[in-house]
Amino acid sequence: MSLHKDDIAIVRQLLSGDQSAFAAFYDTYFPRVYRFCKNRLANDECAKDVVQQTLTKAMLNLQTYRGEASLYTWLCQIGRNEISAWYKKVGRKQAQTSSFDQDESLVSAIESIAAGFDGDLQEQSQLVQIALDSLPGNYGTVLELKYIDGFSVTEIAEQLKTGEIGVQSQLARARKAFRLVYNDLTKEYQTT
Amino acid sequence: MSDDSDIRDLLQRAGKREQPDADMMNELRQTTYAAWQQAVKQNRQAKRRRWLTGVALAASVFAVTALVGFQLTRGFGEPSVRVAAVAYQQGAINIISKSREENPLTALFSRSEPHSNGENVSNRSVANQPLYSNDIISTAADGLVRLELADSTVLILAADTALQLQSASRVKLIKGKLYLDSPGTKASTDITTAWGNIRDIGTQYELSVDESRLQVAVREGQVEISLRDQKPVYAGVVNNLGDVIVIDRSNKITTTKVAANDDYWMWAQSASAGLNLEGLSVYDLLTWAGRVTGKSVTYESTQIKYNAQHTHFSGGVISAEDIELNLIELLKTTRLSASLNSDSILLRSSE
């Protein structure tokens, strides 16, 4: 099993008390964890409570993160437990877990698709957004800036306060990662 | 999907991902930040423990042979009685365990390291470490430590303070300053000093001694001060103002007042335990906050009080540091809100 070294480095920085690491972590992962929880819960208020519990527990258990799964997958695992706890508390059945439990990242991703699709386009859109959330670092943001907002490489570099070469390199890696994740998600989704 | 235009098409059809509400994100940042700070603190303590454990292990291997030989010629002493535990430590502290000299094997396997003067001294991180009768604990110039006695009475020792634990309900303040918090209806804790004895009657108070004077400041309840060859003097609290009694070498008594919510008490607050919120109600939280800050807690109506008693947290931890800010942020997760002034905490509906 390969370890997620970048994520391990993020957690080490967090545990060392680095304020900028906390800010970067929060700004990167809060929206993704929020979307993960919100897609599986009844309303914004429930999602807010569950996200609060999820991030609090994640922070208090940072030292247990070993890098065996990506940081996002690890957060989703905690989120899933909190969602189950929430459903138990309000007296509803837990959401069914599908049969591909062996792949943690896919479980996290597919489970976050809300029940009741109303068409292929919506399914595809949700898979795209889940794929973006599942990408490492800020790859999802870079792809959105480039292909949805239509920013140039120079403009993205200005926004992210980095160099143009760095952005080009990130875009190349982000495209590659997106293809892999999206194809996997599509295949898994078609077999379920 | 083979080129960039396909990615562009896919992303444009899907649209941008939903962004959470900025206010909510900022609100939850506070609680996440508090949990993160706690994790950082625990991580630092664990690191220090690991390092010191390694050092202690090496020292133990070196010492074991000599101690076993010593033990065989001396025989085993009576075990000491556990009377307290270290609950929080900041800066350097020393634990001198004279009783351990009677039983070197116990000393080896408990916590102390042999010191050059023959006593057992520890200045490593000792959180959760048990303390035994006759142990002496002292703080350095940067030290602060919270002890919990067997009956839950809390003793917070300020910097440059030395205390001997004589039994589970009796301690000797050798020098310096301590803060005692005896919640509920626990039995009194007797504190002996060179000046005389002090006994609490269910209270929170501060006691400091040096060569020139003894000072008792009361935050809650009542304290009995029994000087040698003198009638007892009582110090208490009226209208949230506590007595500060100073007795000098000529037995002259000077009394002033300090409010329960005065910044005077802040030094002890930094060593106060945080509160695990799992299963607790808003009412429990406010009771704790009132005790820590010395502020009175009031409810806008009986309905609000009822709501506070029946609104429960499902997890999280609140720190005693920055308690007022944390309290306000925490209540945003409920339908209740608090307004604070210098004297009180008022709970009302946030709707």
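Letters A, B, ... are given to chains in the order of the sequence lines, protein chains preceding strands, and every chain is numbered from 1.
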Query raised in the report: If you count heavy-atom pairs under 4.5 Å with chain B, which of A/Asp133, A/Asp44, A/Asn61, A/Leu171 comes out on top?
Result: A/Asp133

Query raised in the report: Which pair of non-hydrogen atoms, one from A/Lys146 and one from B/Arg8, has the smallest distance, and what is that distance?
Result: O-NH1, 4.3 Å

Report summary line: So, the part of A/Thr141 with a heavy atom under 4.5 Å from chain B: the answer is both

Query - For B/Arg44 against A/Ser16, the heavy-atom pair lying closest together - result: NH2-O, 3.0 Å

Requested in this report: Please lay out, stage by stage, how B/Arg29 and A/Asp27 fare under the test salt bridge (Lys or Arg N to Asp or Glu O under 4.0 Å).
Outcome: CA-CA 9 Å; B/Arg29 187 187 290 268; A/Asp27 292 340; 2.8 Å; yes

Query raised in the report: Does the side chain of B/Leu28 reach to within under 4.5 Å of the side chain of A/Val51, using non-hydrogen atoms?
Result: yes

Query raised in the report: What heavy-atom pair brings A/Gly140 and B/Arg17 nearest, and what distance separates the two atoms?
Result: C-NH2, 3.3 Å

Requested in this report: Enter the distance from B/Gln42:CD to A/Gln63:CD here, rounded to the nearest 0.5 Å.
Outcome: 6.5 Å

Query raised in the report: Can you name the closest pair of heavy atoms from B/Ala39 and A/Leu60 and give their distance?
Result: CB-CA, 4.4 Å

Requested in this report: Without swapping roles, check the side chain of A/Tyr26 against the backbone of B/Met25 for a donor-acceptor pair under 3.5 Å.
Outcome: yes

Report task. Inspect the surroundings of CG in A/Asn81 and state if more than 12 heavy atoms from other residues, nucleotides or ligands are less than 6.0 Å away. Result -> yes

**Report entry** Results of side-chain contact (heavy atoms from CB on, under 4.5 Å) for A/Lys176 - residues two or more places apart only
**Finding:** none

**Report entry** Polar side-chain atom of A/Tyr147 near backbone of B/Ile7 as donor-acceptor pair, under 3.5 Å
**Finding:** no

Requested in this report: Side chain from CB out, backbone as N, CA, C, O: work out which of these in A/Gln53 comes under 4.5 Å of a heavy atom of chain B, or both, or neither.
Outcome: side chain

Query raised in the report: Looking at A/Asp49, A/Ile148, A/Leu62, A/Leu55, which makes the most heavy-atom pairs under 4.5 Å with chain B?
Result: A/Ile148

Report task. Nearest 0.5 Å please: distance from the CG atom of A/Leu143 over to the CG atom of B/Leu10. Result -> 11.0 Å

Query - Region of A/Leu15 in contact with chain B, defined by heavy-atom distances below 4.5 Å - result: both

Query raised in the report: What distance do A/Phe178 atom CZ and B/Asp6 atom CG have between them, rounded to the nearest 0.5 Å?
Result: 10.5 Å

Query raised in the report: Taking the six-membered ring for Trp, are A/Phe22 and B/Trp36 parallel (under 30°), tilted (30 to 60°) or perpendicular (over 60°)?
Result: parallel

Report summary line: Minimal heavy-atom distance between B/Gln19 and A/Arg35, with the atoms involved, is NE2-NH1, 3.5 Å

Query raised in the report: At what distance, to the nearest 0.5 angstrom, does NZ of B/Lys16 lie from CG of A/Leu132?
Result: 10.5 Å

Report summary line: Those residues at least two apart in sequence (or on a different chain) that pass side-chain contact (heavy atoms from CB on, under 4.5 Å) with A/Ala24 are none

**Report entry** Per-residue contact mode, A/Lys57 against chain B (heavy atom under 4.5 angstrom)
**Finding:** neither

Query raised in the report: Quick one: what part of A/Glu45 sits under 4.5 Å from any heavy atom of chain B, side chain, backbone, both or neither?
Result: neither

Query raised in the report: How far does CZ of A/Arg175 sit from CG of B/Asp4, to the nearest 0.5 angstrom?
Result: 4.0 Å

Query raised in the report: Under 3.5 Å, is there a donor-acceptor pair between the side chain of A/Gln129 and the main chain of B/Gly15?
Result: yes

Query raised in the report: Can you tell which of B/Glu18, B/Lys47, B/Gln38 has the highest number of heavy-atom pairs within less than 4.5 Å of chain A?
Result: B/Glu18

Requested in this report: Give, for atom CD of B/Gln30 and atom CD of A/Gln52, the distance between the pair rounded to the nearest 0.5 Å.
Outcome: 11.0 Å

Requested in this report: Taking all heavy atoms of A/Thr56 and all of B/Thr31, pick out the closest pair and write down the distance.
Outcome: OG1-O, 4.5 Å

